[in-house]
Amino acid sequence: MYRSHTCGELRSENIGSTVTIAGWVQTIRDKGNLIWVDIRDRYGITQVVGQDTSSEESLKALKSLGREFVVQITGTVSARSAANPNIETGEIELLVEKVVVLNASLTPPFTIEDNTDGGEELRAQYRYLDLRRGPVQDKLRLRNKVNLETRKYLDSQDFLDVETPVLIKSTPEGARDFVVPSRMNEGQFYALPQSPQTFKQLLMVSGFDKYFQIVKCFRDEDLRADRQPEFTQIDCEMAFVEQDDILNMFEGMIQHLFREVRGVELDAKFPRMEYSEAMERYGSDKPDIRFGMEFVDLNPVAKGKGFSIFDDAEQVIAINAEQCAAYTRKQLDKLTDWVRRPQIGAKGLVYMRCNEDGTFKSSVDKFYSQEDLAAWAKTANAKPGDLILVLSGTTEGTRKQMNELRLHMGDELGLRNPNVFKPLWVVDFPLLEWDEESGRYNAMHHPFTSPKPEDLHLIDTEPGKVRANAYDLAMNGVELGGGSIRIHDRDLQSRMFDLLGFTKEEAEAQFGFLMSAFEYGAPPHGGLAFGLDRLVATMGGSESIRDYIAFPKNNSGRDVMIDAPSPLSSDQLTELGIALK
RNA sequence: GGUCUGGUAGUUCAGUUGGUUAGAAUAUCGCCCUGUCACGGCGAGGGUCGCGGGUUCGAGUCCCGUCCAGACCGCCA
């Protein structure tokens, strides 16, 4: 046995006993005749002290240590003369008796402390050292707990964990596939799954009416702070259910997770909002409803007064930033610059201050009388002291820009508290979206999503208006997950492929196995998948998922620690029958 | 594919209209210190200013190219 106790468990009750701990040297405070060494492991930090009553040998050994040495220390637990209330073991210390260096260490390239001096690049390169830091370990502990509680909940609801293959077949829909060459089938390739979508549907056909899996998915697309090329889904599917059954089941799961992991009681009933309403009120399919500042349609009161920018716009939208009338010209100019950045792309920003004396001051006073502006204020429900911000243009573009501005204002005004959690089901997504590039419709969710029966009659005349039995769970402006009721009818599925521009032959080649399965008694079914990384990051109050992944990739999709991806040897390429350009 | 920001000591950063020997903090090393816990004091070592080219009497600083990192747009059913 290397240790009798961990570095986190000794308390004043242990005073007098002789113990052995093992861990890493955190800090050394050498005062000459008195030396303290903090020893760290996963469980905490214990202070070891050497003094005049210690043996010369052990004192010498303590003085020879360096940061991050791995040591085994035996000593007597004693009370500190000056307790440290900031750490759990702060009432005791270990009077050193024996020091064994289990392994020396180079000086680490950055400090292994809660507030490290290391930059992101360096910490990524030495991720195994970064993972020694408390805050990083806490994040992985949080992930572990979410994972465990997910299994507990789904098990309690009779879900069955079934593994699905990772080497599957490439399909044209959706994201780019990661591809794996097959040596035994030269010239052919597997694809890594973007999700286990078709397999979980086949499991429904097989009769496993409640399936789940916490599973890696792979998408070869450009990355963001909240997107990794490999990420983890809580993937679920149920048979003999309607949309409500699914929403209720997983509302329960999210409530369970927040209760057990964070001690947070979420809304008893998550609000639901149609996609079209979310777009109108927030310009987003994943609105952050922790704060108001909802969109106001200014078309009726802003148009027709001779201001050509608004007159020519399809849509004029305002938001009311309450109590912001005191914004200075400089602040407003800064906001204007912000919305005009290429990433936002607004042409300009119109503002109107609602002065305390009941008058109005806008950047377009030339075109609008006080009465006109009073109508704006009334429409936006603005009170004296409020600030109205207005954007205009095409409906789609203006909504998108205003969504960004609203979130930006929410950040600036501190309205997006990471310890407040506001879930929202967004339902009735469109079935299809128009793709300019290919000049045809794409499935908005995926090609197995069922249209709403009442919209089926539009499918040939106005396919863009057909709504789907599809839903997302949004929380705090993040899409945590989504799903749909699936098509379980061969004819309808075949029609969908038709609509998506697949020929009969292509559909047969790509998804023949699924359509065949549907001919052998496929039950009505549906499901959803949560992004575990995003869920955990949201629960931890972060926007970046990288800290919640033990070994993440950087924004070029590289693992800078192991230096992947990397070239293959020509022997390997030959064996695979691959010639590089 | 694009936009923006950054790259200077082991690390995090500062570095003036282009001008003497490129600084600070921290880390490291040495000496001193009996109650520290961000220990303290004194001292020392430590630089391919990302890389390549150009302008100039002179470039960390200006210009061009390039590489790397981060955020974002496109993309991500």
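Order of the sequence lines fixes the chain letters, A, B, ..., with proteins taken first and strands second; residue numbering starts at 1 for each chain. Remember, predicted model here, so these are calculated numbers, not experimental data.
In this structure, A:I87 places its CD1 atom 11 Å from C1' of B:U36, rounding to the nearest Å. Atoms CD1 (A:I35) and C1' (B:C32) sit 14 Å apart, rounded to a whole Å. B:C33 atom C1' lies 14 Å from atom CG of A:D52, rounded to whole Å. For the pair A:N442 CG and B:C75 P, the interatomic distance rounds to 11 Å; values are reported in whole Å.
Within the nucleic acid shown, A:R224 comes within 4.0 Å of at least one base atom, counting heavy atoms only. Residue-level contact check: A:R546 touches the backbone only, with heavy atoms under 4.0 Å from sugar-phosphate atoms and none from bases. Residue A:S195 is in base contact, counting any heavy-atom pair closer than 4.0 Å across all strands shown. Within 4.0 Å of A:E479, counting heavy atoms only, lies no atom of the nucleic acid at all. Counting any heavy atom pair closer than 4.0 Å across all strands shown, A:A175 reaches sugar-phosphate atoms only and no base atom.
Cation-pi geometry between A:R341 and A:W338 is met: the NZ or CZ atom falls under 6.0 Å from the ring centre, inside 45° of the normal. Under the 6.0 Å distance and 45° angle rule, A:K139 counts as a cation-pi partner of A:Y548.
A donor and an acceptor atom, one from each side chain of A:S450 and A:N469, are located under 3.5 Å apart.
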With the sugar-phosphate defined as primed atoms, P, OP1 and OP2, and the base as all remaining atoms, what B/S/- string results for nucleotides 1-10 of chain B, 5' to 3', for protein heavy atoms under 4.0 Å? B-B------B
Please write out the pairs of protein N or O atoms and N or O atoms of nucleotides 39-44 of chain B separated by less than 3.5 Å, giving the distance to one decimal.
| residue | atom | partner | partner atom | Å |
| --- | --- | --- | --- | --- |
| B:C39 | N4 | A:D30 | O | 2.8 |

